[in-house]
Amino acid sequence: MQNQNDKDLILFPEYPNFNLINHPLVQRDITVLRDTATDCETFRAAISRIANILAVIISRDLSIKEVEVESPLEKTNGYKLTQEVVIIPVLRAGLGMVKGFLQVIPDAKVGHIGLERDEETLVPVEYYYKTPKNLIEHEVILLDPMLATGGSASAAIAFLKKRESVKIIFACVVAAPEGINKLKEDHPQVKIFGAAFDRELNDKGYILPGLGDAGDRTFGTL
Ligand code: PRP
Ligand code: URA
């Protein structure tokens, strides 16, 4: 259960499914990402650092169990995670968050979901799916830097649920109210963690003020 006075998170009564990360280094890096002058290498590094902090904060909710461990001197009690973690980046832009998560949870498994928004209709189309089997036995964290209309995230979660009924956390860098509301309607049990909460979408479905096309800026395909 989340602590309402948690210094690391800002909660919004009207968006109960959304947790905004509250950290000065995240705010500094969001500014780096927004800046059109930021080059591809610097953009990637900033996404990775944000993913790092998201991973630390999200993983506080993971459960652990006691195990015995033998130190060079004697047996003692230690802890291990109760469930293995699977991170699932939504291709392409979600890939930019993988390194930051693996630095914090190095033994996490990595699945992939390929989705692309049709630029005309904004409807997401699935083009790739590969995850570990028995997802239900894992903690699943879905990664995508942008939650805009929420169409892609909602579809990715639906694709996961279609294969297996799983508990999913959604981690993003920038979230728009429209996307948060869509997930609240479509998948109310999914908790969203984001590093920035932006104002609105423009008529092309881009987040304002946003950071532009996250996939293109991560991979230099502008
Ligand atoms: C971007 C982003 C999300 C999606 C968000 O991907 O990474 O997946 O848009 O928008 P939505 O909330 O309105 O669905 P895009 O479709 O541009 O593909 P890419 O990652 O391959 O660039
Ligand atoms: N996808 C992006 O990459 N950026 C946006 O602002 C919206 C969707």
Side-chain angles (χ1 to χ4, degrees), residues 15 17-20 29-40 42-44 46-48 50-51 54 87-101 110-131 140-162 168-188 190-222:
Y15 301 102
N17 55 337
F18 182 58
N19 303 272
L20 177 64
D29 276 331
I30 289 286
T31 310
V32 171
L33 295 176
R34 292 201 199 281
D35 191 342
T36 56
T38 295
D39 64 21
C40 185
T42 313
F43 189 91
R44 276 186 210 146
I47 289 265
S48 265
I50 290 174
L54 275 166
I87 57 171
I88 305 182
V90 177
L91 306 179
R92 270 177 318 167
L95 289 174
M97 298 171 73
V98 169
K99 185 172 146 207
F101 268 77
V110 185
H112 293 87
I113 295 183
L115 283 183
E116 191 157 37
R117 286 199 311 180
D118 181 312
E119 292 295 337
E120 293 297 315
T121 62
L122 304 184
V123 173
V125 182
E126 188 192 44
Y127 62 85
Y128 188 79
Y129 183 91
K130 186 86 182 172
T131 66
V140 177
I141 308 173
L142 193 61
L143 311 179
D144 193 328
M146 308 307 280
L147 180 63
T149 64
S152 306
S154 179
I157 294 164
F159 289 134
L160 284 167
K161 285 184 176 169
K162 194 172 72 183
I168 299 160
I169 289 169
F170 182 74
C172 62
V173 174
V174 184
E178 292 87 338
I180 296 171
N181 278 334
K182 173 137 182 83
L183 288 196
K184 189 168 72 179
E185 269 165 40
D186 295 355
H187 308 287
V190 171
K191 256 190 185 182
I192 306 165
F193 288 81
F197 184 18
D198 277 9
R199 197 177 67 243
E200 60 183 348
L201 304 181
N202 71 9
D203 57 3
K204 292 197 159 53
Y206 277 86
I207 299 175
L208 299 174
L211 47 78
D213 188 307
D216 283 342
R217 295 195 66 194
T218 301
F219 295 108
T221 49
L222 286 164

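Start at 1 with the first residue, then count along the sequence. Atoms within each ligand, like the ligands themselves, are counted from 1 in listed order. Note that this is a predicted model, so its numbers are computed, not measured.
- Atom CD1 of I87 and atom CG of L142 lie 10.5 Å apart (nearest 0.5 Å).
- L20 and F197 get closest at one heavy-atom pair: CD1-N, 3.8 Å.
- With values rounded to the nearest 0.5 angstrom, Y129 atom OH is found 6.0 Å from I88 atom CD1.
- A donor-acceptor contact shorter than 3.5 Å is absent between the side chain of R217 and the backbone of G212.
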Test salt bridge (charged side-chain N to carboxylate O under 4.0 Å, His left out) applied to R34 and D198, step by step: CA-CA 11 Å; R34 292 201 199 281; D198 277 9; 2.8 Å; yes
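- Of the N or O atoms in G150, one or more lie within a sub-3.5 Å distance of an N or O in ligand 1.
- Using a 4.0 Å threshold on non-hydrogen atoms, atom 5 (C) of ligand 1 counts as touching the protein.
- Contact of the D186 side chain with the I157 side chain is not registered, since no non-hydrogen atoms from C-beta on lie closer than 4.5 Å.
- Within a 6.0 Å radius of NZ in K162, more than 12 heavy atoms belonging to other residues, nucleotides or ligands are found.
- Here the side chain of E178 pairs a donor or acceptor atom with the backbone of L201 at under 3.5 angstrom.
- Where the criterion is an N or O separation shorter than 3.5 Å, residue side chain and backbone included, A148 meets it with respect to ligand 1.
- Contact atoms of ligand 1 toward M146: 2 (C), 3 (C), 5 (C) (distance under 4.0 Å to a heavy atom of the residue).
- Set against the non-hydrogen atoms of G151, the atoms of ligand 1 under 4.0 Å away are 12 (O), 14 (O).
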Could you list each N/O atom of ligand 2 together with any protein N/O atom closer than 3.5 Å, one pair per line with the distance?
unit_1   : atom_1 : unit_2 : atom_2 : d
ligand 2 : 3 (O)  : A214   : N      : 2.8
ligand 2 : 4 (N)  : G212   : O      : 2.8
ligand 2 : 6 (O)  : I207   : N      : 2.8

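- Shortest non-hydrogen contact noted between N202 and K204 is OD1-N, 2.8 Å.
- Summary of contacts: the protein heavy atom closest to atom 11 (P) of ligand 1 is T149 OG1, 3.3 Å.
- Of all the heavy atoms of D213, the ones lying under 4.0 Å from any atom of ligand 1 belong exclusively to the side chain.
- Less than 4.0 angstrom separates some heavy atom of G215 from each of these atoms of ligand 1: 22 (O).
- Within a 4.0 Å radius of atom 14 (O) of ligand 1, the protein has at least one heavy atom.
- Closest protein heavy atom to atom 18 (O) of ligand 1: L115 O, 4.3 Å.
- With hydrogens left out, the protein atom closest to atom 19 (P) of ligand 1 is R92 NE, 3.7 Å, a heavy atom.
- Annotation: K99, atom NZ; neighbour count of heavy atoms from other residues, nucleotides and ligands within 6.0 Å does not exceed 12.
- Within the structure, ligand 1 lacks A214 among the residues with a heavy atom less than 4.0 angstrom away.
- Residues P145 and A214 come closest through the heavy atom pair CG-CB, 3.9 Å.
- At distances below 3.5 Å, not a single donor-acceptor pair connects side-chain atoms of R92 with backbone N or O atoms of T218.
- The part of D144 lying near ligand 1 is the side chain, judged by heavy-atom distances below 4.0 Å.
- Closest to atom 16 (O) of ligand 1, if we only count protein heavy atoms, is R117 N, 3.0 Å.
- Side-chain atoms of N17 do not come within 3.5 Å of backbone N or O of V190 as any donor-acceptor pair.
- In the vicinity of A93, heavy-atom distances shorter than 4.0 Å reach the ligand 1 atoms 7 (O), 20 (O).
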